[in-house]
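See structure below.
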Amino acid sequence: MLRQQHRFFRSVLIAMDTVIIAAAVFATYGLRFGPLERWEPSGIADPSYIVHGFPVLAAVPLMLVALMWVGLYQARRDQRFFGEARAVITGVLLGMMLLLSFIALFRTVLFDRREFGSTQAIVLAVTSACMLLSWRYVFRLFVRRLRSHGKNLRHVAIIGTGRLGQIVCRTLQRNSWTGITPAFFISHRDSTHRETCAGLPVKGGLDELESIMERFNLSGVFLALPGPLIAQIPEVLARLERFPLDVRVIPDMNPKYMPINMTVHELDGMPILSVRESPLSGWGHVLKRCVDIAGSVVALTIFAVPMLVIWTVIRSGSDGPAIFRQERMSLNGQRFKIFKFRTMQHAESEQQTLDDAGKGADAWTKRDDDRITSFGRFLRRTSLDELPQLFNVLIGEMSLVGPRPERPELIDRFRDDWRGYMLRQNVKAGITGWAQVNGLRGDTSLGKRLQYDLFYIRNWSLWFDLRILWMTIFRGFAHPNAH
């Protein structure tokens, strides 16, 4: 029944996406040769859709193929809208690449050497993405309302009545928007006299597993065995193979011990579970580096004149170099010299912060440090003293987004005092980060900053980086905690 519902909803999604994409193609033609004609004349006296509009018979199937490729028609009840939006945008961009490639390849055969302007392509991409996102958001609201009335639910059993099983139960109940509803427990012991657990009935123990599965109509099972019973998981999985159920295994492992993206690989048939692997590998590293280069070049162009003015004011106001360099650590513990505008009266004053490194957090600059010049205080409050780090980004020592780089002496101290602190070194240090845009700057909680940094590493994506960069424009410069 539930699989039939999924096929029905998938058919609805495909059908509506088809209508939406076709509507977007026609809307794009109307916008390009209507309102946009005033801003950017096409030079076409009497444009007709047949000749000058993107062919809907090519755009629709190619865009649908792209959306299928990114997994938009798979059952993902536990995916939030932000993840779906990211997949929609990725699918639209891929679909546009397929469409433009198709037109270029068959331009002579099918399109009589016609030219389709870049403006129309951009409008189609934006229109398709906006219309698809709007429709899918409305669809989510509709499905969520159905589930609030007891419809379209997936009832699951939780195998394991210990601490882990109860955590699974509370997590599913707290995220009721997924429609995954825990129906009952099955004890992780062979037999049990326990009748309830976390407010739900306990139907029996592992000895009764098959009979319980046959008596109840379930769509899935969450296997949450306590750590000492982990060796029984293969046996339980083998017993569950007799039933057409979705099975998910919840490891009895504290997230603190696996803060990096956990992935499963296979080598010649041997499964390999990677619990500590840098998310910035393969194409992720290439894309992030491309964004860093492009972003640093653009930023240096924008801030070239302000940086020259700042350099002149510092040089004329006090003795010493305008650019101060400190040793920091970045990806894989590599050391580099970070560039900053000097904000203190003398270069020796800033060098003293290195000599005080043994004091731990006490070595950080305080809010009312009398060594800071009045202009330097302005630079710190507006974060303009960090602008030279764009050169660190350009030459590859830092990234635009990532955990803030720390001094080697402080890292040696924190690596023993704070569990997971060294995992920050699995990604390149950044000018801005998830902790910084959430106000964790200056003399703030180190533990809280570490929590935000590890969250960033666990959930890294190119879209997350772009989101942080966007938030930096509004939250990353002037902030009360910057001093």
Nearest 0.5 Å, please: how far is [atom2] in [Y] from [atom1] in [X]?
| X | Y | atom1 | atom2 | result |
| --- | --- | --- | --- | --- |
| Tyr29 | Leu124 | OH | CG | 14.5 Å |
| Ile89 | Leu132 | CD1 | CG | 10.5 Å |
| Thr127 | Ile122 | OG1 | CD1 | 11.0 Å |
| Thr171 | Phe222 | OG1 | CZ | 9.5 Å |
| Leu133 | Glu84 | CG | CD | 8.0 Å |
| Ile159 | Leu164 | CD1 | CG | 12.5 Å |

Taking side chain as C-beta onward, heavy atoms only, is [X] less than 4.5 Å from [Y]?
| X | Y | answer |
| --- | --- | --- |
| Arg154 | Thr181 | no |
| Val427 | Pro403 | yes |
| Val291 | Leu462 | yes |
| Val249 | Leu225 | no |
| Phe139 | Leu13 | yes |
| Trp135 | Met16 | yes |
| Leu172 | Val156 | yes |
| Pro226 | Leu229 | yes |

Contact list for residues 17-31, test salt bridge (charged side-chain N to carboxylate O under 4.0 Å, His left out), sequence neighbours left out: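 Passing the test, one end in residues 17-31: Asp17-Arg136.
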Qualifying salt bridge (charged side-chain N to carboxylate O under 4.0 Å, His left out) pairs with a residue from residues 197-224, counting only residues at least two apart or across chains: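 Non-adjacent pairs meeting salt bridge (charged side-chain N to carboxylate O under 4.0 Å, His left out): Glu210-Arg239, Glu214-Arg242.
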Worked check of side chain to side chain contact (heavy atoms under 4.5 Å, CB included) between Leu454 and Ile457: CA-CA 5 Å; Leu454 295 184; Ile457 297 172; 4.2 Å; yes
With a 6.0 Å cut-off (strictly less than), is the heavy-atom count around [atom1] of [X], excluding the residue itself, greater than 12?
| X | atom1 | value |
| --- | --- | --- |
| Leu57 | CG | no |
| Phe464 | CZ | yes |
| Ile230 | CD1 | no |
| Tyr137 | OH | no |
| Met68 | CE | yes |

Verify, without hydrogens or angle tests, whether [X] (side chain) and [Y] (backbone) share a donor-acceptor contact under 3.5 angstrom.
| X | Y | result |
| --- | --- | --- |
| Asp292 | Leu400 | yes |
| Gln436 | Gly433 | yes |
| Ser134 | Met131 | no |
| Asn392 | Lys337 | yes |
| Thr432 | Val401 | no |

Candidate pair Phe336 and Glu327, rule side chain to side chain contact (heavy atoms under 4.5 Å, CB included), full reasoning: CA-CA 6 Å; Phe336 71 99; Glu327 189 174 65; over 6 Å; no
Counterpart residues, salt bridge (charged side-chain N to carboxylate O under 4.0 Å, His left out), relative to Asp453 (two or more places apart):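 Salt bridge (charged side-chain N to carboxylate O under 4.0 Å, His left out) check on Asp453 returns Arg424.
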Side-chain H-bond candidate by donor/acceptor type, Gln326 with Arg328, under 3.5 Å: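 Note: Gln326 and Arg328 side chains meet the donor-acceptor criterion.
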Modelled atom types, side-chain donor and acceptor of Asn459 and Trp434, under 3.5 Å: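 Side chains of Asn459 and Trp434: no pair found under 3.5 Å.
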Considering all heavy atoms of both residues, which atom of [X] and which atom of [Y] are nearest to each other, and what is their separation?
| X | Y | value |
| --- | --- | --- |
| Met213 | Ala157 | CE-CB, 4.4 Å |
| Ala59 | Val25 | CB-CG2, 3.7 Å |
| Lys288 | Ser399 | CE-OG, 3.1 Å |
| Leu72 | Ala87 | CD2-CB, 3.8 Å |
| Gly205 | Ile212 | O-CD1, 4.4 Å |
| Pro405 | Ile338 | CG-CD1, 3.8 Å |

Salt bridge present between Arg404 and Glu386 (N-O < 4.0 angstrom):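 A salt bridge links Arg404 with Glu386.
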Lys428 and Glu397 ion-paired at < 4.0 Å: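 A salt bridge is absent here (no side-chain N lies under 4.0 Å from a carboxylate O).
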Evaluation steps, side chain to side chain contact (heavy atoms under 4.5 Å, CB included), between Asn438 and Arg449: CA-CA 9 Å; Asn438 282 281; Arg449 268 190 278 175; over 6 Å; no
Parallel, tilted or perpendicular: ring planes of Phe474 versus Trp470, cut at 30 and 60 degrees: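 Rings of Phe474 and Trp470: perpendicular, over 60°.
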All side chain to side chain donor-acceptor pair (under 3.5 Å) counterparts of Ser128, not counting sequence neighbours: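 In terms of side chain to side chain donor-acceptor pair (under 3.5 Å), with neighbours along the sequence ignored, Ser128 is linked to no residue.
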Side chain to side chain donor-acceptor pair (under 3.5 Å) partners of Ser461, counting only residues at least two apart: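 Only Arg86 meet the side chain to side chain donor-acceptor pair (under 3.5 Å) criterion with Ser461.
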Could you go through residues 189-201 and list every donor-acceptor pair under 3.5 Å that involves a side-chain atom there, pairing it with any protein atom two or more places apart or in another chain?
| from | atom 1 | to | atom 2 | distance (Å) |
| --- | --- | --- | --- | --- |
| Thr192 | OG1 | Arg194 | N | 3.0 |
| Arg194 | NE | Thr196 | O | 2.9 |
| Arg194 | NH1 | Thr161 | O | 3.4 |

Full working for side chain to side chain contact (heavy atoms under 4.5 Å, CB included) between Leu206 and Gln232: CA-CA 11 Å; Leu206 290 177; Gln232 296 186 25; 3.6 Å; yes
